[in-house]
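Have a look at this one before I ask anything.
Chain identifiers are assigned alphabetically (A, B, ...) following the order of the sequence lines, protein sequences preceding nucleic acid strands; residue numbering begins at 1 within each chain. Model, not experiment: these values are computed from the prediction.
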2 protein chains.
Amino acid sequence: MTKKQGRKATLAEVAAMAEVDVSTVSRVLRGQSEQRIRAETRDRILEVAKKLNYRANYTARALRMSRTFTLGIVVPQLDNPVFSAAIRGAENVAAQHGYSLLISHRDPGEAGPTIAKLSQMNRVDGLLVASLDADEVLRSDLAEANVPYVLLNRQLPGTALSVVLDSREAARRATEHLMSLGHRRIGHLGGRPGGFNAQERLAGYRAALDAANIPFDPLLVAMGDYTFDAGRVSVRELAKTDATAIMAATLVSAAGAMAELRLAGWQLPQEMSVIALHDALFAEMLFPALSTVMMPTEEMGRVAAELLISKLSGADPEPVRALPPGRLIIRDSTVAPRIGARISK
Amino acid sequence: MTKKQGRKATLAEVAAMAEVDVSTVSRVLRGQSEQRIRAETRDRILEVAKKLNYRANYTARALRMSRTFTLGIVVPQLDNPVFSAAIRGAENVAAQHGYSLLISHRDPGEAGPTIAKLSQMNRVDGLLVASLDADEVLRSDLAEANVPYVLLNRQLPGTALSVVLDSREAARRATEHLMSLGHRRIGHLGGRPGGFNAQERLAGYRAALDAANIPFDPLLVAMGDYTFDAGRVSVRELAKTDATAIMAATLVSAAGAMAELRLAGWQLPQEMSVIALHDALFAEMLFPALSTVMMPTEEMGRVAAELLISKLSGADPEPVRALPPGRLIIRDSTVAPRIGARISK
DNA sequence: TTGAAAGCGCTACCAC
DNA sequence: GTGGTAGCGCTTTCAA
């Protein structure tokens with residue numbers, strides 16, 4: 001608050017002071033076709049612009065060009081490392097190409113005018129959309145979009161652009177790690193049964209089991225959603241079984257599971273190993289520090305932004321890009337099963 | 001991607017189809033001075049607008065009015081509940097007043113053109129700024145701003161608008177809680193020594209001690225920054241003392257302290273109680289679940305947005321608003337000191 | 001109660 | 001090489 005400074009300088013003012021036409025200033029300032037401007041003129045203009053601290057008026061440019069050079073990203077939560085990493089990645093790529101990123105946070109409960117609003121008001125040239133909603137909801141939201149968009153870690157039948165993480169492979173690796181420690185009875189704490197990602201993770205889990213000739217036991221699978229509380233609740237099912245390890249779909253549900261087990265008197269990790277998908281500083285803060293399989297969420301943001309920008313530039317890119325999971329991070333939450341492990345609670 | 005739909009309808013098209021002038025359409029559509037329009041005309045216009053799915057072009061309006069109806073908020077991190085809550089609060093108030101919120105994430109390391117860029121390019125009408133930077137850095141960044149701004153949880157000498165949390169009172173309450181459990185040797189895990197907030201927290205800690213006639217012991221204070229790793233490192237100082245409890249400045253540094261102590265073989269909370277300022281779901285995920293004093297961060301965002309908007313509307317509000325801390329949340333990390341507690345490690 | 005017209009600040013086309 | 005100029009789609013006087 002404070003500092004009142006002179007009005008912002010306009011192109012016309014620069015032109016007047018440099019004694020040239022606005023069109024010339026415009027050409028010079030965008031560095032475009034430099035060769036067609038006399039060096040002397042250009043220097044004079046540059047000097048004046050600098051002296052006046054000229055900055056192009058973004059709004060005027062956007063109106064004239066019918067382009068905002070802004071990408072929108074809509075995420076369901078902000079305080080979630082998955083999304084903040086994606087934002088970071090997208091932001092970097094966007095900046096590299098001269099785009100800004102308009103972040104729009106959209107609570108899942110809330111009616112979803114975000115996509116409609118952003119695109120219909122001409123605020124963005126394109127949209128990056130992450131969603132935890134059910135397919136039909138997402139689809140109807142997207143129907144309102146009148147700009148190109150790319151989906152983050154979602155696939156929707158049709159020609160929608162999207163970049164997806166290979167959750168199936170990540171789940172397979174996580175499960176495999178547990179098996180390599182000697183676990184045979186491995187529980188899975190999954191996501192919403194209908195969801196694409198939940199299905200993929202379950203499939204990866206089963207694939208790992210199959211490869212090791214361990215029969216699949218539906219009792220060892222507890223589906224919930226990806227929240228802390230769901231983790232707490234769902235793990236109770238698993239606690240009744242003879243599982244010695246759990247492969248959880250997310251960090252947060254793993255945290256819930258661990259909290260609940262400890263509350264019920266379990267020794268961790270001795271009586272139950274836990275591994276989760278995704279990685280964040282947060283995994284290290286838990287007790288025991290959580291083993292994970294990393295997921296390249298920042299890269300997902302980067303790739304998505306690239307995809308969108310290439311689309312905006314008139315290219316016709318491959319509609320879906322899949323990203324392989326990152327490496328396994330072994331911390332303290334996964335150990336070999338105890339001989340004579342606790343039998344249910 | 002997908003769905004190509006007709007060009008967006010413009011005011012002129014609506015006007016043509018309704019057989020009136022654009023100015024009339026404009027008046028009607030903004031619902032302004034409704035009384036001065038014949039009902040019949042208005043209905044016809046409304047109908048056409050709806051049929052054409054007309055949406056005002058945001059850019060054109062912004063250019064014409066020299067206002068973007070957009071507020072910018074710049075935060076140092078996104079995946080931090082403190083900032084995401086503030087964003088949520090600000091977003092709500094902004095929406096209520098017809099403003100959008102442009103979120104700008106600015107890594108602390110990075111040079112800080114964000115403020116300059118946002119304001120100088122006329123992208124925002126005003127700025128909400130949260131920063132973890134040192135005063136001088138922040139001040140020089142702000143010097144570039146040519147729109148009104150309000151500081152979040154910071155005060156800078158001068159007339160800057162700001163809304164601050166009462167960290168001092170929160171620290172006092174947290175310390176008091178520890179004392180009420182019987183602790184007398186209480187350590188403080190603080191922030192960067194120069195920082196305003198760090199000072200306030202330290203002051204609150206001392207105030208609580210004074211009120212209970214417990215002498216202040218500089219050995220019981222470890223200043224670091226607010227990170228997990230700093231928490232780990234700083235707590236080692238405290239571990240050498242006879243402290244039986246720790247009042248940590250943030251959730252994250254508390255988490256670091258707990259992790260480090262446990263690694264060194266301490267029993268928590270029996271051998272060391274820990275309490276932190278701020279609250280988030282995250283506190284519940286730690287082990288032991290962390291006791292905290294809540295801080296009204298979402299309200300901070302709300303109030304800041306209100307302050308800014310009132311300033312933008314030409315009012316001349318009180319420059320600084322202080323928000324009292326929220327309540328004490330007692331979880332599992334704070335217990336009475338053990339008789340004959342462990343003497344150093 | 002409605003219409004006409006003047007721009008907001010910029011870019012891009014067409015002259016010279 | 002440089003200048004003139006026509007708008008982008010909207011709001012807002014001023015007239016009628």
Side-chain angles (χ1 to χ4, degrees), chain A residues 6-46 48-49 52-70 98 119-123 125 146, chain B residues 6-46 48-49 52-70 98 119-123 125 146:
Chain A
R7 283 198 332 85
K8 247 151 286 188
T10 72
L11 210 49
E13 284 162 3
V14 177
M17 184 170 290
E19 298 179 303
V20 293
D21 188 83
V22 284
S23 56
T24 308
V25 181
S26 174
R27 277 187 287 253
V28 168
L29 260 26
R30 256 161 325 113
Q32 186 198 57
S33 45
E34 288 201 26
Q35 53 289 74
R36 315 192 135 285
I37 304 281
R38 201 191 318 153
E40 191 190 338
T41 314
R42 196 189 49 207
D43 292 348
R44 185 154 33 97
I45 291 175
L46 256 21
V48 171
L52 260 34
N53 191 31
Y54 173 80
R55 294 283 110 103
N57 181 317
Y58 162 81
T59 309
R61 174 178 291 176
L63 176 59
R64 176 60 233 240
M65 303 180 72
S66 316
R67 303 185 58 181
T68 61
F69 290 100
T70 300
S119 63
Q120 295 186 349
M121 290 193 68
N122 301 67
R123 294 196 69 126
D125 294 339
N146 58 4
Chain B
R7 281 197 334 82
K8 248 152 287 189
T10 73
L11 209 49
E13 285 162 2
V14 177
M17 186 169 289
E19 299 179 304
V20 292
D21 188 83
V22 285
S23 56
T24 308
V25 181
S26 174
R27 279 187 285 252
V28 168
L29 260 25
R30 256 161 324 113
Q32 187 197 54
S33 44
E34 289 202 23
Q35 54 289 74
R36 313 195 136 284
I37 304 282
R38 201 191 318 154
E40 190 189 339
T41 314
R42 196 190 49 209
D43 293 347
R44 184 155 33 97
I45 291 176
L46 258 20
V48 171
L52 260 34
N53 189 31
Y54 173 79
R55 294 283 111 102
N57 181 317
Y58 162 81
T59 309
R61 173 178 292 175
L63 177 59
R64 176 59 232 241
M65 303 181 72
S66 313
R67 304 185 58 181
T68 61
F69 289 100
T70 299
S119 63
Q120 296 186 349
M121 290 195 67
N122 301 66
R123 294 196 70 126
D125 294 338
N146 57 4

Nearest to side-chain heavy atoms of Arg38(B), which nucleotide of dT2(D), dT2(C), dA12(C) =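 Of all the options, the side chain of Arg38(B) is nearest to dT2(C).
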Does the base of dG1(D) carry an N or O that pairs as donor and acceptor with the side chain of Arg42(A) under 3.5 Å?
->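 No.
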Please tell me if the side chains of Val48(A) and Tyr54(A) come closer than 4.5 Å, counting only heavy atoms from C-beta onward.
->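 SC-SC contact between Val48(A) and Tyr54(A) ruled out.
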Round to a whole Å and report the spacing from CZ of Arg55(B) to P of dC10(D).
->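 Distance check: Arg55(B) CZ to dC10(D) P gives 12 Å.
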Spacing between Arg123(A) atom CZ and dG9(D) atom P, to the nearest angstrom |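 Whole-Å distance recorded here is 18 Å.
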Nearest to the side chain of Met65(B), which nucleotide is it out of dT12(D), dC10(C), dC10(D)?
->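 Nearest nucleotide to the side chain: dT12(D).
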Got a sec: does the CE of Met121(A) have more than 12 other heavy atoms crowding it under 6.0 Å?
->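 Yes - once you tally the heavy atoms of other residues, nucleotides and ligands closer than 6.0 Å, there are more than 12.
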Leu29(A) vs Leu11(A) side-chain heavy atoms within contact, under 4.5 Å |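 Answer yes - side chains close enough.
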Within 45° of the six-membered ring axis of Phe69(B) and under 6.0 Å from that ring's centre, is NZ or CZ of Arg67(B) located there?
->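 The answer is yes; both the distance and angle limits are met.
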Closest heavy-atom contact between Arg30(B) and Arg61(B)?
->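 The answer is CD-NH2, 4.0 Å.
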When you check the phosphate oxygens OP1 and OP2 of dC8(C), does a side-chain N or O of Ser66(B) lie under 4.0 Å from one of them?
->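 No, outside the criterion.
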Whole angstrom value for the distance that separates C1' of dT11(C) from CZ of Arg64(A) |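 Arg64(A) atom CZ is separated from dT11(C) atom C1' by 4 Å.
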Between dA4(C) atom P and Leu11(B) atom CG, what is the distance in whole Å?
->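 After rounding, the gap between these two atoms is 14 Å.
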In chain order, what residues pass the salt bridge (Lys or Arg N to Asp or Glu O under 4.0 Å) check against Glu19(B), with sequence neighbours excluded?
->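 Partners of Glu19(B) under the salt bridge (Lys or Arg N to Asp or Glu O under 4.0 Å) test: none.
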Nucleotide nearest Asn57(B) when distance is taken to its side chain, options dG7(D), dT2(D), dC10(D) |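 Ranking dG7(D), dT2(D), dC10(D) by closest atom to the Asn57(B) side chain puts dC10(D) first.
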Confirm from the modelled atom types if Ser23(A) and dG3(D) form a donor-acceptor pair under 3.5 Å, side chain to base only.
->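 Flag set: donor-acceptor pair detected.
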For residues Val22(A) and Ala12(A), report the shortest heavy-atom separation together with the two atoms involved.
->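 That would be CG1-CA, 3.6 Å.
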Through what angle, rounded to 10 degrees, does the axis of the helix from dT1(C)-dA16(D) to dC16(C)-dG1(D) turn between its ends, using five pairs per end?
->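 Here the local axes at opposite ends form an angle of 40°.
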In terms of the nearest nucleotide of DNA chain C, which residue is placed more toward the 5' end: Tyr54(A) or Ala39(B)?
->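 Taking each residue's closest nucleotide, the earlier one in sequence belongs to Ala39(B).
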Using whole Å, report how far CG of Leu63(B) lies from P of dG7(D).
->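 Whole-Å distance recorded here is 17 Å.
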Counting side-chain heavy atoms from C-beta on, which of dT11(C), dT2(D), dT2(C) comes nearest to Ile37(B)?
->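 Comparing dT11(C), dT2(D), dT2(C) against the side chain of Ile37(B), the answer is dT2(C).
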dT2(D) P sits how many Å from Ile45(A) CD1, rounded?
->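 Value for this atom pair: 8 Å.
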Of the non-hydrogen atoms in Arg123(A) and Thr68(A), which two are nearest, and what is the gap between them?
->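 Residues Arg123(A) and Thr68(A), closest heavy atoms: O-OG1, 3.4 Å.
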Among the candidates dT2(C), dT11(C), dG3(D), find the nucleotide nearest to the side-chain atoms of Arg30(A).
->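 Closest nucleotide among those given: dT11(C).
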Which whole-number value in Å describes the distance from Arg44(B) CZ to dT1(C) P?
->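 Going from Arg44(B) (CZ) to dT1(C) (P), I get 14 Å.
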Non-hydrogen atoms of Asp21(A) and Ala15(A) that approach each other most closely =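 Heavy atoms of Asp21(A) and Ala15(A) come nearest at C-CB, 3.9 Å.
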Starting at CG of Leu29(B) and ending at P of dT12(D), how long is that distance when rounded to a whole Å?
->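 Nearest whole value for this atom pair: 14 Å.
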Residues within residues 14-22 of chain B bordering DNA chain D, heavy-atom distance below 4.0 Å =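 Contacting residues: none.
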Identify whether any heavy atom of Ala56(A) sits under 4.0 Å from a base atom; if not, whether one sits that close to sugar-phosphate; answer base, sugar-phosphate or nothing.
->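 Sugar-phosphate, backbone atoms only, no base.
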Any Asn57(B) side-chain heavy atom under 4.5 Å of Thr10(B) side chain |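 Sidechains of Thr10(B) and Asn57(B): no contact.
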Think Thr41(B) has a side-chain N or O under 4.0 angstrom from the OP1 or OP2 of dT2(C)?
->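 Affirmative; the distance criterion is met.
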Any idea which of dG3(D), dT11(C), dT2(C) is nearest the Arg27(B) side chain?
->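 The answer is dT2(C).
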